[in-house]
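Shown next, in structure tokens, is the structure this report addresses.
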Amino acid sequence: MVNRRLALVGASSIFQDGLRAVLDAVDEFSIVGEAQDMTEALHAVGRCHPDVLVIDTESVESGWLARIPDLQGHPDGQAPRVLLLIVSADDGQLLRAVAAGVDGWVFKGEETADLIAAVRALSSGYAWLSPQVARQLLDHWRDTLASPAKPPSEEVDRLSRRELSVLGLVAHGWSNAEIAEELVLGEATVKTHVSRILTKLDLRNRVQLAAFAHRNGLTV
């Protein structure tokens with residue numbers, strides 16, 4: 001029988017108890033580690049070498065998404081697949097999660113069978129998209145691809161050098177906080193830059209910004 005090694009991450013003890021009970025009931029699953037936050041999760045990855053890391057995004061600390069690359073680049077073992085348990089997701093968070101290396105999403109309200117199927121898929125090397133997440137991503141990428149093209153040189157010329165730097169990092173899925181640290185700016189200043197770029201380019205969201213940057217060779 002295949003043995004799929006799991007580690008659970010989240011500070012909600014009640015939810016963790018329920019999640020553990022559901023996953024423990026599946027013969028092929030072994031819960032080899034648990035962590036309350038991303039720092040503990042990093043230690044668990046090195047100690048337990050899970051195949052799949054299941055993260056309850058509602059109960060971990062703020063800034064958890066920026067720690068995903070650390071988990072997957074751990075020097076002590078093969079990178080685990082990352083499955084997020086979510087209650088909602090906006091376009092920007094989905095794009096950042098993709099860039100960070102997340103492999104799957106399951107909404108907390110979905111059936112237990114969906115969670116089990118997601119864990120099996122990730123541990124077998126595949127990805128898993130909740131139908132809601134898949135619909136959301138398809139809708140936004142369709143909007144992006146359907147946006148009427150404008151002369152690239154004219155649009156690019158509207159942006160300042162600083163705005164071009166911010167846009168390149170947005171295209172890689174960086175959060176405002178991460179961009180602020182990289183460019184030595186205040187987070188509020190980065191937010192203002194992003195808002196001005198959206199206005200200048202007549203775009204609606206960070207997904208469209210990323211598409212524009214890649215289409216025009218503006219990625220950092």
Side-chain angles (χ1 to χ4, degrees), residues 7-12 35-46 53-75 79-108 129-130 133 136-137 140-141 144 156 158-201 203-214 216 218-220:
L8 313 181
V9 184
S12 171
Q36 288 196 325
D37 56 36
M38 299 303 281
T39 299
E40 287 186 12
L42 185 60
H43 294 312
V45 168
L53 203 64
V54 183
I55 302 176
D56 173 18
T57 62
E58 192 178 22
S59 68
V60 288
E61 72 277 19
S62 61
W64 59 269
L65 187 54
R67 304 296 303 277
I68 297 295
D70 296 335
L71 294 168
Q72 296 188 315
H74 200 288
R81 298 278 178 164
V82 176
L83 176 65
L84 302 184
L85 302 182
I86 60 177
V87 292
S88 64
D90 58 37
D91 305 336
Q93 185 185 64
L94 287 176
L95 183 64
R96 292 193 299 274
V98 170
V102 170
D103 301 288
W105 292 260
V106 173
F107 278 86
K108 285 189 172 182
L129 291 179
S130 158
V133 172
Q136 195 169 335
L137 286 174
H140 285 290
W141 280 112
T144 299
V156 172
R158 297 175 191 171
L159 305 180
S160 68
R161 182 174 298 180
R162 178 63 80 187
E163 288 169 343
L164 288 172
S165 297
V166 170
L167 176 58
L169 296 174
V170 168
H172 284 291
W174 290 37
S175 67
N176 288 346
E178 292 167 331
I179 295 172
E181 183 177 354
E182 175 70 14
L183 300 180
V184 194
L185 298 171
E187 191 169 347
T189 301
V190 173
K191 185 175 180 180
T192 298
H193 279 312
V194 172
S195 178
R196 287 176 178 170
I197 295 168
L198 285 168
T199 299
K200 287 183 178 182
L201 299 180
L203 299 175
R204 295 197 300 273
N205 53 51
R206 295 172 82 101
V207 173
Q208 292 187 349
L209 284 181
F212 173 88
H214 284 287
N216 290 281
L218 300 177
T219 53
V220 175

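Heavy atoms only: backbone and side chains are in, while hydrogens, waters and symmetry mates are out. On a predicted model such as this, the values are computed, not experimentally measured, just so you know.
Applying the side-chain hydrogen bond (donor to acceptor under 3.5 Å, both in side chains) test to every pair with at least one member in residues 56-65, sequence neighbours left out, gives these pairs: D56-S59, D56-K108, E58-K108.
Residues V82 and I68 are in side-chain contact: their nearest non-hydrogen atoms beyond the backbone lie under 4.5 Å apart. Side-chain contact between V106 and S130: absent, with no pair of heavy atoms (C-beta onward) separated by less than 4.5 Å. With contacts defined as side-chain heavy-atom distances shorter than 4.5 Å, the pair I55/L85 does not qualify. Using a 4.5 Å heavy-atom cutoff, the side chains of Q136 and L94 are in contact. Two residues are said to be in side-chain contact when any heavy atoms from C-beta on lie closer than 4.5 Å; R162 and L185 meet this criterion.
In plain terms, the two heavy atoms of H193 and E163 that are nearest each other are ND1-CG, 4.0 Å. L84 approaches A97 most closely through the heavy-atom pair CD1-CB, 4.4 Å. Pairing each heavy atom of N176 with each of V190, the nearest pair is OD1-CG1, 3.7 Å. In terms of heavy-atom proximity, P69 sits nearest to A100 at CG-O, 3.8 Å. The two atoms that bring A35 and A41 nearest to each other are CB-N, 3.4 Å, heavy atoms only.
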Next on the checklist: One pair to check against side chain to side chain contact (heavy atoms under 4.5 Å, CB included): L201 and L209. What are the steps and the verdict?
Outcome noted: CA-CA 8 Å; L201 299 180; L209 284 181; 4.1 Å; yes
Next on the checklist: Determine whether S165 and L183 satisfy the following criterion, side chain to side chain contact (heavy atoms under 4.5 Å, CB included), listing intermediate values before the conclusion.
Outcome noted: CA-CA 8 Å; S165 297; L183 300 180; 4.2 Å; yes
Checklist entry - Between F212 and L203, is a side chain to side chain contact (heavy atoms under 4.5 Å, CB included) present by the stated rule, with each step listed? => result CA-CA 9 Å; F212 173 88; L203 299 175; 4.0 Å; yes
Checklist entry - Could you go step by step and tell me if L164 and I197 meet the side chain to side chain contact (heavy atoms under 4.5 Å, CB included) rule? => result CA-CA 9 Å; L164 288 172; I197 295 168; over 6 Å; no
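With sequence neighbours left out, the side chain to side chain contact (heavy atoms under 4.5 Å, CB included) criterion links L129 to W105, V133, A134, L137. Listed by chain and number, the residues in a salt bridge (Lys or Arg N to Asp or Glu O under 4.0 Å) with E178 amount to none (sequence neighbours excluded). With sequence neighbours excluded, no residue forms a side-chain hydrogen bond (donor to acceptor under 3.5 Å, both in side chains) with Q36. Residues forming a side chain to side chain contact (heavy atoms under 4.5 Å, CB included) with T39 (at least two apart in sequence, or on another chain): D37, H43, R67.
Between the side chain of R158 and the main chain of K200, a donor-acceptor pair closer than 3.5 Å is present. Checked by atom type and distance alone, the side chain of R206 pairs as donor or acceptor with a backbone atom of W174 at under 3.5 Å.
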